[in-house]
Amino acid sequence: MYIQRAYKHLAILEEEGRLLPRLSLLANNAYSGKEYNGETTDGQIIITRHMIDKLVVRSFPPCMKQMHKHLRVNHHLKYGARRQYGLFLKGIGLSLDEAMAMMRDEFTKKIPSDKFDKEYGYNIRYMYGKEGRRVPQTAMSCAGIILRNPPSAVDCHGCPFRHCETGLLKQKLASELKKDQVEKITQFAENNQYDKACTRYFEFTHHLEEGGLGQLITHPNQFFEESQKIIAERIAAKKATQGGAEVEKMDTQ
RNA sequence: GGCGGC
DNA sequence: GCCGCCAACATA
Ligand code: SF4
């Protein structure tokens with residue numbers, strides 16, 4: 001029964017990791033049809049739009065969680081978010097087709113599909129380098145997100161640590177963190193140390209010690225990559241000890 | 001969103 | 001009203 005328990009935890013963990021399909025099962029030919037212009041690390045697994053909702057929970061930074069939620073709730077994203085979130089998704093490996101489908105599935109709940117591709121199709125293809133100059137766009141860094149194109153009152157893009165009133169920020173963080181953790185983070189935010197605020201957020205949500213990440217978060221995609229790396233490591237550790245007594249004690253959250 | 005074309 | 005084109009930059 002220890003073993004059974006271990007397998008259950010493992011299953012949950014794997015759902016959060018994107019390395020679900022065995023690498024060995026995906027020969028290089030699995031990538032046919034897709035194009036990688038250097039920014040996508042090799043060896044990574046293809047991400048589909050159906051995996052996003054799971055990945056958001058553990059591996060997306062606050063800014064992206066914000067926009068993803070808005071997308072699911074309002075079935076729409078304003079220009080700024082479409083770009084910031086769209087490029088981030090592209091950065092984590094979501095293909096053009098998947099991104100296009102994901103947005104259409106959602107937007108199309110409020111507008112006719114023909115209006116969708118007339119209104120948003122071009123820009124999405126453009127981000128993937130399929131229009132105009134045909135150069136794939138790269139995601140914005142925290143600095144870029146914080147410095148340029150500030151969100152207006154109705155926008156949902158930007159950086160929560162920088163663009164949310166501390167009241168709202170605390171409220172948002174409260175749903176996934178302890179009170180004292182929320183305080184520490186908002187303290188950094190109020191002190192305009194957004195990178196530290198985000199790094200602490202990462203450490204707390206990944207159950208690391210403060211400073212345990214060993215680096216500052218300066219890019220949303222870095223946040224994602226580091227998160228996936230940790231989850232992968234824990235899956236590996238789990239497999240190595242599964243069946244053993246250690247498994248029971250291990251907190252995989 | 002901005003710029004541009006009719 | 002119809003349409004095209006652009007911006008970015010962590011990173012082992
Ligand atoms: S710090 Fe960078 S990653 Fe963290 S929320 Fe703000 S923008 Fe997103």
Side-chain angles (χ1 to χ4, degrees), chain A residues 18-19 23 35-45 47 55 59-67 70-71 74 76-94 96 99-100 103 107 111-163 193-203 206 212-233 236:
Chain A
R18 64 179 155 176
L19 308 175
L23 282 169
E35 291 178 33
Y36 293 92
N37 298 332
E39 64 250 38
T40 304
T41 308
D42 60 275
Q44 289 191 352
I45 282 321
I47 292 183
L55 293 170
S59 302
F60 279 26
C63 53
M64 301 304 161
K65 279 184 176 173
Q66 220 183 214
M67 295 185 284
H70 184 101
L71 172 65
N74 303 296
H76 176 74
L77 284 180
K78 304 269 288 184
Y79 181 79
R82 249 145 47 210
R83 187 174 163 67
Q84 188 180 315
Y85 189 41
L87 288 174
F88 168 79
L89 291 176
K90 168 173 171 296
I92 71 174
L94 195 67
L96 168 57
M100 189 68 79
M103 292 306 162
F107 280 50
I111 65 172
S113 64
D114 63 296
K115 179 177 182 179
F116 172 81
D117 13 55
K118 185 196 297 180
E119 215 90 51
Y120 312 103
Y122 183 96
N123 286 308
I124 295 179
R125 286 193 298 278
Y126 183 85
M127 294 194 291
Y128 282 80
K130 298 306 177 189
E131 293 286 11
R133 200 191 339 178
R134 308 204 114 236
V135 174
Q137 303 290 290
T138 62
M140 287 178 284
S141 65
C142 297
I145 291 173
I146 290 172
L147 295 177
R148 63 190 122 227
N149 181 27
S152 74
V154 296
D155 286 316
C156 66
H157 68 265
C159 171
F161 299 120
R162 169 59 229 272
H163 303 292
Q193 295 182 289
Y194 316 117
D195 53 349
K196 288 192 176 182
C198 197
T199 301
R200 278 291 177 284
Y201 172 87
F202 181 103
E203 292 164 347
H206 288 75
L213 177 56
Q215 59 182 299
L216 281 179
I217 296 296
T218 63
H219 194 299
N221 287 93
Q222 170 201 4
F223 185 110
F224 178 81
E225 296 303 331
E226 290 305 314
S227 174
Q228 287 296 300
K229 191 181 302 178
I230 288 178
I231 291 175
E233 287 173 4

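Chain A is the first sequence line, chain B the second, and so forth, proteins listed ahead of strands; every chain is numbered from 1.
- Taking every heavy atom of both residues into account, A:C63 and A:C159 meet most closely at CB-CA, 4.5 Å.
- Atom CG in A:L147 sits roughly 13 Å away from atom C1' in C:dA8 (whole-Å rounding).
- The distance between atom CD of A:Q222 and atom P of C:dA12, rounded to the nearest whole Å, is 9 Å.
- One atom, NZ of A:K118, and another, C1' of C:dC3, lie 11 Å apart when rounded to the nearest Å.
- The residue A:N123 sits close to a base: some heavy atom pair falls under 4.0 Å.
- For the OP1/OP2 pair of C:dG4 and a distance below 4.0 Å, the side-chain nitrogens and oxygens of A:Y126 include no atom meeting the criterion.
- Considering only side-chain N and O atoms, A:T218 lies nowhere under 4.0 angstrom from the phosphate OP1 or OP2 of C:dA10.
- Remark: A:R133 is not in phosphate contact with C:dC5, judged by side-chain N or O atoms under 4.0 Å from OP1 or OP2.
- Using a 4.0 Å heavy-atom criterion, one finds that A:R83 contacts the bases of the nucleic acid, with or without backbone contacts as well.
- Atom C1' of nucleotide B:G1 and atom CG of A:L87 are separated by 14 Å, given to the nearest angstrom.
- Taking every side-chain heavy atom of A:R148 into account, C:dA8 is the closest of C:dC5, C:dC3, C:dA8.
- The CG atom of A:D117 sits 12 Å away from the P atom of C:dG4 (whole-angstrom rounding).
- Counting any heavy atom pair closer than 4.0 Å across all strands shown, A:G144 reaches sugar-phosphate atoms only and no base atom.
- Heavy-atom contacts from other residues, nucleotides or ligands closer than 6.0 Å to NZ of A:K78 number 12 or fewer.
- Among the protein residues, A:A143 comes within range of no part of the nucleic acid, since none of its heavy atoms lies under 4.0 Å from any strand.
- Each of A:F202, A:F88, A:F223 was evaluated against A:F60; a single residue qualifies, A:F88, per the ring-ring contact (aromatic ring centres under 6.0 Å, His included) test.
- Look at CG on A:L213: it is 17 Å from P on C:dA10, rounded to the nearest Å.
- Between the CD1 atom of A:I217 and the P atom of C:dA10 there is a distance of 13 Å, given to the nearest Å.
- Checking side-chain atoms of A:H157 against main-chain N and O of A:N149 turns up a donor-acceptor pair under 3.5 Å.
- Side-chain atoms of A:T138 lie closest to C:dA8 of the nucleotides C:dG4, C:dA10, C:dA8.
- For the pair A:I124 CD1 and C:dC5 C1', the interatomic distance rounds to 16 Å; values are reported in whole Å.
- Side chain of A:S141 to main chain of A:G144: a donor-acceptor pair is present (N/O by atom type, distance under 3.5 Å, no hydrogens or angles).
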